[in-house]
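On a predicted model such as this, the values are computed, not experimentally measured, just so you know. In listed order, ligands and their atoms are each counted from 1.
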Amino acid sequence: MRILGIESSCDDTAAAVVVDGRHILSNIISSQLKEHAPFGGVVPEIAARKHVESIGEVIEKALTDAGLNYNQIDAIGVTARHGLLRSIVVGAAAGKALSLSLNVPLVGIHHIEGHIYSNILEHGDSIRFPHLCLTVSGGHTLLLLVHALDHYELLGRALDDAAGEVYDKIARYLDLGFPGGPIIDKLALEGNSTALDLPRPMLHDPGYDFSFSGLKTAVIRQIEKLQRAGTPIPLADVAASFQQAVVDVLIGRILRAATVYNLSTVTVCGGVAANRGLRSALAKLAESHSIEAFYPPLPLCTDNGAMIAGLAYHKIMSGAVSDLRLDAQANAPLGISGVIYK
Ligand code: KG4
Ligand code: ZN
């Protein structure tokens with residue numbers, strides 16, 4: 001079954017064609033970074049307007065790259081849950097129009113469920129159930145027990161800023177550019193991760209929640225101290241020390257949950273799953289604790305249409321098809337058990 005996946009929940013306009021939930025024929029992402037960079041963050045009004053401009057072209061390119069025409073598409077999957085409402089509406093409307101004109105089923109997908117699926121799209125049956133999934137991006141940091149594709153149990157979540165959001169805010173504070181994650185990640189390669197003495201918030205607290213806003217404040221305080229002393233800011237050391245603190249917290253939570261719930265399969269997904277520090281810490285954790293750890297390749301870490309098309313296949317197989325009344329929601333519970341994550 002050839003499914004066209006459409007994703008427009010934030011600032012990337014994306015479309016992809018995936019066969020039977022596993023084989024990616026095309027995966028097109030049109031980034032709006034240039035438009036949002038001057039503001040140091042995503043501007044919802046601009047995002048929606050750019051989606052309207054580029055969605056048609058992105059869908060056409062996804063079909064062309066897949067070597068298909070519209071009539072060879074068997075179903076449409078579209079992000080209809082979680083994100084910027086006006087952005088979601090653009091993709092949802094395009095999905096409905098195509099479903100109606102091509103007379104093929106329409107499936108509304110939850111953006112976070114799409115991210116969780118990205119590891120299954122890439123690694124297939126190696127991802128066993130139940131498994132532990134850390135979903136970590138600019139909008140959320142969630143630690144989930146994944147019992148099945150539509151059955152999630154929330155273990156922990158960010159009580160304040162998401163991990164990616166803190167990367168973006170620190171980069172903005174230091175005038176490094178947007179998005180901050182990849183910039184700080186690259187800078188950290190050259191830095192000393194013990195140069196700054198930073199907290200590991202909530203690492204030893206019971207439970208699995210996260211809190212990164214205190215870490216952000218601690219970084220800013222240390223920078224201000226250096227500025228007052230007239231010392232040049234050692235950007236690479238700041239980046240490496242901050243990144244190490246984030247990674248220590250994320251890995252600490254993963255290890256505790258994997259131990260308590262006796263899970264040997266761990267997945268990480270979302271934009272921050274691209275982080276080199278996190279990936280290498282995960283590899284070490286896997287080796288030392290007999291855990292199998294998975295993350296998606298870079299194009300499937302950040303927002304993409306392939307994860308939406310892939311998951312739509314399983315929804316169709318289980319009979320969970322939408323119709324033209326499909327609505328768009330900025331926040332919606334996850335899965336059949338209705339996990340509330342905010
Ligand atoms: O999943 P995503 O594309 O969009 C959301 O749903 O939020 O994630 C974007 C986030 C941004 O905050 C960005 O700074 C972060 O992911 N990010 C990274 C890296 N690449 C992207 N954070 C840390 N290290 C990276 N290499
Ligand atoms: Zn996302």
Side-chain angles (χ1 to χ4, degrees), residues 5-14 16 27 29-33 36-37 39-42 44 47 51 79-85 87-88 91 109-119 121 133-142 157-158 161-174 176-189 191 212 215-216 239-240 242-247 249-251 267-282 295-308 311 330-332 334 341-342:
I6 301 171
E7 153 64 41
S8 69
S9 66
C10 191
D11 60 332
D12 289 316
T13 318
N27 191 21
I29 301 168
S30 167
S31 167
Q32 303 178 359
L33 275 185
H36 300 288
F39 303 94
V42 176
H51 285 312
T79 301
R81 301 283 181 267
H82 186 84
L84 302 172
L85 191 64
S87 288
I88 299 173
I109 299 289
H110 194 300
H111 179 75
I112 295 177
E113 292 187 32
H115 274 303
I116 297 166
Y117 185 77
S118 64
N119 272 299
L121 174 59
C133 176
L134 175 72
T135 305
V136 66
S137 75
H140 38 81
T141 304
L142 303 173
R157 69 196 203 286
D161 294 353
E165 189 179 355
V166 176
Y167 269 93
D168 296 338
K169 285 181 175 171
I170 289 180
R172 193 182 325 160
Y173 182 79
L174 289 169
L176 295 175
F178 174 78
I183 301 168
I184 290 182
D185 190 11
K186 191 160 172 234
L187 266 175
L189 287 175
F212 290 110
L215 173 62
K216 172 191 66 190
F242 161 68
Q243 179 147 302
Q244 192 59 54
V246 173
V247 168
V249 171
L250 296 177
I251 293 289
T267 66
V268 180
C269 61
V272 183
N275 187 266
R276 276 170 278 208
L278 181 58
R279 286 176 174 225
S280 82
L282 207 56
Y295 40 77
L298 289 183
L300 299 184
C301 283
T302 43
D303 295 345
N304 64 87
M307 65 187 191
I308 304 303
L311 182 55
N331 289 302
L334 275 179
Y341 50 87
K342 274 214 161 191

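- Applying ring-ring contact (aromatic ring centres under 6.0 Å, His included) to Y167 and the options F178, F242, F212 leaves one that passes, F242.
- Within the 4.0 Å heavy-atom criterion, the part of D185 lying near ligand 1 is the side chain and not the backbone.
- Closest to the Zn ion (ligand 2) among the N, O or S atoms of D303 is OD1.
- Among all non-hydrogen protein atoms, the one lying nearest atom 11 (C) of ligand 1 is D168 OD2, 3.6 Å.
- In the model, Q243 has a side-chain atom that pairs as donor or acceptor with a side-chain atom of D185 under 3.5 Å.
- At a threshold of 4.5 Å between non-hydrogen side-chain atoms, the residues L334 and I112 count as touching.
- The CG atom of D168 sits 11.5 Å away from the NZ atom of K216 when rounded to the nearest 0.5 Å.
- Heavy-atom distances between Q243 and ligand 1 stay at or above 4.0 Å for every pair.
- The backbone N or O of A47 sits less than 3.5 Å from a side-chain atom of Q32, completing a donor-acceptor pair.
- Under 4.0 angstrom from ligand 1, the non-hydrogen atoms of H115 all belong to its side chain.
- Of the options N119, L142, V268, I116, a side-chain contact (heavy atoms from CB on, under 4.5 Å) to C133 is made by I116 and by none of the others.
- Within the 4.5 Å cutoff, the side chain of L134 has no heavy atoms near those of the V272 side chain.
- Not a single heavy atom of C10 lies less than 4.0 angstrom from ligand 1.
- Using a 4.0 Å cut-off between heavy atoms, T302 contacts ligand 1 through both its backbone and its side chain.
- Contact annotation: C10 places no N, O or S atom under 2.8 Å from the Zn ion (ligand 2).
- Contact of the S9 side chain with the S87 side chain is not registered, since no non-hydrogen atoms from C-beta on lie closer than 4.5 Å.
- For H115, the N, O or S atom closest to the Zn ion (ligand 2) goes by the atom name NE2.
- Considering backbone and side-chain N/O of S137, one or more are found under 3.5 Å from N/O of ligand 1.
- The N, O or S atom of H111 lying closest to the Zn ion (ligand 2) is NE2.
- Of the possible donor and acceptor atoms, none in the side chain of D12 sits under 3.5 Å from a partner among the backbone N and O of C10.
- Close contacts between ligand 1 and G138 involve ligand atoms 5 (C), 7 (O), 8 (O), 9 (C), 10 (C), 12 (O) [criterion: under 4.0 Å to a heavy atom].
- Listed by atom number, the atoms of ligand 1 under 4.0 Å from G139 heavy atoms are 7 (O).
- Remark: ligand 1 and G270 share no N or O pair separated by less than 3.5 Å (distance only, no angle test).
- Shortest contact from atom 24 (N) of ligand 1 to any protein heavy atom: N275 ND2, 2.9 Å.
- Short contacts between ligand 1 and G164, defined as distances under 4.0 Å to a heavy atom of the residue, involve ligand atoms 12 (O).
- Between H111 and H82, the ring planes are parallel. Angles under 30° get that label, and only those over 60° would be called perpendicular.
- Of the protein's non-hydrogen atoms, D303 OD1, 3.5 Å is the one closest to atom 2 (P) of ligand 1.
- From I308, atom CD1 reaches atom NE2 of H110 across 10.5 Å, with rounding to the nearest 0.5 Å.
- With respect to atom 20 (N) of ligand 1, the closest heavy atom belonging to the protein is G271 O, 3.4 Å.
- With ligand atoms numbered from 1 in the order given, ligand 1 contributes 6 (O) to contacts under 4.0 Å with heavy atoms of H111.
- From the protein, the heavy atom lying nearest to atom 22 (N) of ligand 1 is G181 CA, 3.3 Å.
- Side-chain atoms of N27 and L300, non-hydrogen and from C-beta on, do get closer than 4.5 Å to each other.
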